[in-house]
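Below: the structure, in structure tokens.
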Number of protein chains: 2
Amino acid sequence: MGKQMTEMLKGTLEGIVLAILAGDPAYGYEITTRLRSKGFPDIAEGTVYAILVRIEQKGLVTVEKRPSEKGPPRKVYSLNAQGEEYLNEFYQTWGFLSERLDQLREEGK
Amino acid sequence: MGKQMTEMLKGTLEGIVLAILAGDPAYGYEITTRLRSKGFPDIAEGTVYAILVRIEQKGLVTVEKRPSEKGPPRKVYSLNAQGEEYLNEFYQTWGFLSERLDQLREEGK
DNA sequence: TACCAGTACATAGTAGCGCTAAGTAGTGAA
DNA sequence: TTCACTACTTAGCGCTACTATGTACTGGTA
């Protein structure tokens, strides 16, 4: 993955995962494969699990353990009310940065 | 500054500084004040200087020392060809992420 | 004169985030 | 029994922005 992308994902990948969970609940392995199919082919598994641990500790998700037919039990994550609020803040922060950048880009022309 | 903003600036603040320089050359102190007046009131001076050192080492800018009437000599930074290319890559990466996020946001509704 | 605010640059130390790499564990197919 | 796939975990690393502090020059003012 490009170095710029790696650095830019800091602070945004967490939001992206939350956005995925906002669609519907999912478990780690599933999130990884979804990310990979949706334009982030190089996201490492470890990265996703680290984010899941973090957002659980922050209290943004609820976790439910469900058995799997194909391997170890899954930990299914659902966004809770606090998580939705956090996601909205994330979108706002992103929007703010987008505005500044668009403006700078215009000025630079 | 919000913690989300701090994390999101990782990987973008450097690009923002390059975008400012794309408008016209500037020196560190000036960049800091410009940032503060343009919606980033809490950017620390030290952060800006660290970025300037970095982009100089990466060869994205040329530096010229000019005397100041009001203090120590200024180091004026200008974006060079390599810097412009890097800035374009930055915009592309940003655009890619924007698309993914917009898409996720739509799906989440 | 002495002090302070403003200008201008520099840097050591810290925390957070994503990545690398390696491991554990369960299932089913070759 | 070996391998591939599923599924989760964790230690260590590099990079970035922030905090805090320091240096140095100018001009105003008490």
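For the pair K70(B) NZ and dA8(C) C1', the computed distance is 12 Å after rounding to whole Å. The CD-P distance, from E56(A) to dC8(D), rounds to 12 Å in whole Å. Nucleotide dC18(D) holds its P atom 6 Å from the CG atom of L13(B), rounded to whole Å. Distance, R74(A) CZ to dT6(D) P: 10 Å, rounded to whole Å. One interatomic measurement links the two molecules: CD of E7(A) to C1' of dG18(C), which rounds to 8 Å at whole-angstrom precision.
Contact between the side-chain N/O atoms of T47(A) and the OP1/OP2 oxygens of dC19(C) is found at a separation under 4.0 Å. For K75(A), a side-chain nitrogen or oxygen approaches OP1 or OP2 of dT9(D) to under 4.0 Å. Contact check, R54(A) against dG16(C): no side-chain N or O comes under 4.0 Å of OP1 or OP2. Dashed line: the shortest gap from a side-chain N or O of Y49(B) to OP1 or OP2 of dA10(C) is not under 4.0 Å. Note on S68(A): a side-chain N or O is less than 4.0 Å away from OP1 or OP2 of dA7(D). Note on K3(A): every side-chain N or O is 4.0 Å or more away from OP1 and OP2 of dG14(D).
Residue G28(B) is in sugar-phosphate contact alone, with no base atom involved, counting any heavy-atom pair closer than 4.0 Å across all strands shown. I51(A) comes within contact range of the sugar-phosphate backbone alone, with a heavy-atom separation under 4.0 Å but no base atom that close. At the heavy-atom level, E45(B) lies under 4.0 Å from base atoms of the strands shown. Across all strands, G46(B) comes closer than 4.0 Å to base atoms (heavy-atom distances).
A residue-by-residue look at Y27(A) and T12(B) shows that Y27(A) has its nearest nucleotide of DNA chain D further toward the 5' end. Closest-nucleotide positions on DNA chain D for E69(A) and T6(B) were compared, and the one nearer the 5' end corresponds to E69(A).
A donor-acceptor contact under 3.5 angstrom links the side-chain atoms of K10(B) to the base of dG16(C).
Stacking of R105(A) on the aromatic ring of Y91(B) is recorded, both the 6.0 Å distance cut-off and the 45° axial limit being met.
Atoms CD and CD1, on E56(B) and I51(B) in that order, are 14.0 Å from each other to the nearest 0.5 Å.
Neither side chain, E64(B) nor Y27(B), offers a donor N or O lying under 3.5 Å from an acceptor on the other. Y77(A) and E30(A) share no donor-acceptor pair across their side chains, judged by distance under 3.5 Å alone.
Between F96(B) and F40(A), the ring planes lie perpendicular to each other; the angle is over 60°, past the 30° to 60° tilted range.
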